[in-house]
Amino acid sequence: MSKFNFRQHFVALDVPSMLAQSCLADLDGDGRLEYIVGRRFGTVYWYKYHAPDRWIQHIVGHDSPSDVGSIVLDVAGDGRLDVVVGGVWYRNIGDYDQPFERHVFDPDLVAVHDIVAADIDGDGRPEIITMSDQNDLRWYKIPADPTGPWTYQVIGPAVHAGVAVGDLDGDGDLDIVRTNVWFENVNGDGGKWQVRPIGPNTYPPEDFRPRFAFDGVRAAVCDMNGNGRNDIVFCDAEIPGGQVWWMENLDGVGHYWKRHDICRPTVPRRGALHSLTVRDLDGDGDLDVFSCEMEYVRGEGRPRFYIWENLDGAGGAWREHVIFDGNLGGHEAVVGDVTGNGYADIIAKPWQPHPDNALGGKMFILFLENLGPG
C-alpha cells in the first residue's frame with residue numbers, strides 16, 4: 001500500500017515560457033481553488049478547474065512588473081480576492097470574462113522575486129512584504145484608498161530570494177526571514193528591525209556559481225518538532241544538488257540555531273529545487289515537506305517530484321517518496337486541495353522547458369491529482 005498516489009494531468013500545454021507567479025486561491029468565490037500563474041513581466045492568467053483534465057483559462061491582467069513573486073488577498077476590502085504582483089495589484093471586479101482592474105501602487109518596484117502578505121504592524125490588517133534584488137526588502141502599508149500610491153518602510157538589504165514571515169522570538173509579533181538572517185520586529189510595529197543570524201546556506205558547487213546561487217530560494221516558518229517554538233525550513237537556491245533542511249530554534253528567541261538535513265546530496269546529482277511546501281501531507285498530524293526538481297537547472301538525471309515524510313513527528317527522521325517521475329520538472333509548484341476530495345494536489349510548470357523533457361521540449365502546466373492512500 002502506497003501512502004502517496006498521484007495521477008498526471010495537464011492544466012494547459014503550449015503555454016508561454018518563463019511562467020513564474022504562481023498561487024492557488026478561490027478567486028470566484030465558489031468554494032474551489034483556482035490556479036493563478038503569470039509570465040515574467042507579462043500576462044497573468046487564472047485557470048478554472050472543471051475536471052482534472054479540463055481547465056478554462058481566464059485573464060487576471062497584463063503588463064506584470066514582477067519577476068516571480070505574487071500573492072492573493074482582498075486588497076479592496078470588498079470581499080473578493082485580488083492579485084498583487086510586483087508594484088501592481090489587479091482588482092477582482094467579479095466579471096470573470098474580463099481582465100481585472102490594474103492599479104499601480106509603486107511604479108519603481110521592479111523584478112520582485114518574493115512577496116508575502118502578513119500583519120507586520122499589529123493592526124489586524126495584512127501588509128505586503130516584497131524583496132527585489134534590484135531594490136531591497138521592504139513592507140507596504142495598504143491605504144484606505146488602495147488605488148493610489150502606497151507608502152513603504154525598508155526592512156533591510158535584499159538578496160535574490162528566500163523570504164518568510166513568522167514569530168521567531170516568541171513575543172507575539174511577526175518577524176522576517178531572509179535566507180541566512182532574520183529581522184527582529186523590535187517594537188512590533190514594523191518601524192525598527194534588528195538583524196539576527198541564522199546560519200549559512202549550502203555552498204553552491206564549483207561548476208555553478210552565479211550570483212543567485214549563494215542564497216536559499218524558499219523558506220517556511222513552522223514549529224517542526226512540536227515544542228512550541230517556531231523553526232525554519234529552507235530550500236537551496238537554484239543549484240544542482242540542491243538540498244532541503246530545517247533550522248531548529250534552540251532557545252526559542254532565535255539566537256541559537258541547529259541545522260537538520262531533510263534531503264542530502266544524491267548520485268546522480270539532483271536538479272535544482274525552486275519549490276517548497278511544508279504541511280501535513282499524509283494526515284498523521286505532523287509536518288511533511290514537498291519540493292521538485294527544475295528543468296532549467298537540470299541535474300544528472302531526469303527531474304522528479306518528492307515528498308519527505310516526517311517519520312518521528314519531530315523532524316529527526318525522514319523518508320523520501322518520489323511521487324512523480326515523468327521527466328517533467330517544476331518551478332514554483334503550489335499545493336492545495338483542488339478537486340475537493342480532502343487530499344492536497346500539486347500544480348507545477350517549468351521556468352523554461354528542457355529540450356529533452358517528456359513533451360519534446362514544450363512548455364506545460366502539470367496537474368498531479370492526489371488520489372489518497374491506496
Side-chain angles (χ1 to χ4, degrees), residues 20-25 36-38 44 64-75 81-90 105-106 109-142 146 150-169 173-185 188-191 193 195-196 198 215-223 230-235 237 247 254 274-279 331-336:
Q21 306 143 27
S22 303
C23 300
L24 278 175
I36 302 101
V37 65
V44 182
S64 162
S66 186
D67 183 2
V68 174
S70 63
I71 195 71
V72 177
L73 74 160
D74 182 5
V75 175
L81 292 178
D82 311 300
V83 180
V84 183
V85 293
V88 167
W89 69 282
Y90 298 92
F105 66 84
D106 186 344
L109 181 63
V110 295
V112 168
H113 191 282
D114 289 9
I115 183 166
V116 180
D119 181 11
I120 293 301
D121 61 5
D123 68 351
R125 295 174 293 181
E127 284 76 50
I128 301 297
I129 302 101
T130 70
M131 187 167 71
S132 164
D133 47 16
Q134 295 186 29
N135 292 275
D136 47 33
L137 175 61
R138 59 176 68 172
W139 67 274
Y140 287 85
K141 183 75 176 175
I142 302 175
W150 300 4
T151 60
Y152 71 87
Q153 296 191 44
V154 174
I155 299 166
V159 293
H160 179 64
V163 169
V165 177
D167 182 5
L168 294 176
D169 52 7
D173 57 45
L174 294 178
D175 309 299
I176 309 291
V177 175
R178 193 216 64 191
T179 303
N180 61 345
V181 302
W182 67 279
F183 294 85
E184 179 187 351
N185 190 350
D189 60 2
W193 300 90
V195 182
R196 306 285 187 187
I198 299 170
D215 301 292
V217 73
R218 285 287 167 248
V221 176
C222 61
D223 180 6
N230 271 333
D231 311 299
I232 312 169
V233 181
F234 284 106
C235 178
M247 297 296 288
H274 203 297
S275 303
L276 180 67
T277 295
V278 182
R279 61 184 285 175
H331 171 271
E332 289 297 286
V334 291
V335 178

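Since the structure is predicted, the reported quantities are computational estimates derived from the model, not experimental observations.
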For residues [X] and [Y], report the shortest heavy-atom separation together with the two atoms involved.
| X | Y | answer |
| --- | --- | --- |
| P146 | V75 | CB-CG1, 3.7 Å |
| D215 | A161 | CB-O, 4.5 Å |
| G216 | T179 | N-CG2, 3.0 Å |
| C222 | V233 | SG-CG2, 3.7 Å |
| V110 | N135 | O-ND2, 3.3 Å |
| G156 | D136 | O-CB, 3.6 Å |

Does a side-chain heavy-atom distance below 4.5 Å link [X] with [Y]?
| X | Y | answer |
| --- | --- | --- |
| V112 | V85 | no |
| I128 | W150 | yes |
| I142 | R125 | no |
| T130 | Y152 | no |
| E332 | R218 | yes |

Could you check whether any side-chain N or O of [X] sits under 3.5 Å from a backbone N or O of [Y], counting only pairs where one atom can act as donor and the other as acceptor?
| X | Y | result |
| --- | --- | --- |
| N185 | G190 | yes |
| S275 | V334 | no |
| D133 | A158 | no |
| E127 | D121 | yes |
| D175 | L168 | yes |
| Q21 | S66 | yes |
| W89 | D82 | no |
| S132 | A111 | yes |

Looking only at side chains, do D106 and Y140 share a donor and an acceptor under 3.5 Å apart?
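Indeed, the side chains of D106 and Y140 share at least one donor-acceptor pair under 3.5 Å.
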Nearest-0.5 Å distance that lies between atom [atom1] in [X] and atom [atom2] in [Y]:
| X | Y | atom1 | atom2 | result |
| --- | --- | --- | --- | --- |
| F105 | T151 | CZ | OG1 | 11.0 Å |
| L137 | I176 | CG | CD1 | 6.5 Å |
| W182 | I155 | CH2 | CD1 | 13.0 Å |
| D67 | I115 | CG | CD1 | 12.0 Å |

Just checking H274 against H113, ring centres under 6.0 Å apart?
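Under 6.0 Å, so yes.
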Sequence neighbours excluded, the answer for salt bridge (Lys or Arg N to Asp or Glu O under 4.0 Å) partners of R178 is none
For M131 and V159, what are the C-alpha separation, side-chain angles and deciding distance, and is it a side chain to side chain contact (heavy atoms under 4.5 Å, CB included)?
CA-CA 8 Å; M131 187 167 71; V159 293; 3.9 Å; yes
Considering residues at least two apart in sequence or located in another chain, which fulfil the side-chain contact (heavy atoms from CB on, under 4.5 Å) criterion with L174?
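By the side-chain contact (heavy atoms from CB on, under 4.5 Å) rule, L174 matches A118, I120, V165.
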side-chain hydrogen bond (donor to acceptor under 3.5 Å, both in side chains) with D173: which residues, sequence neighbours excluded?
none
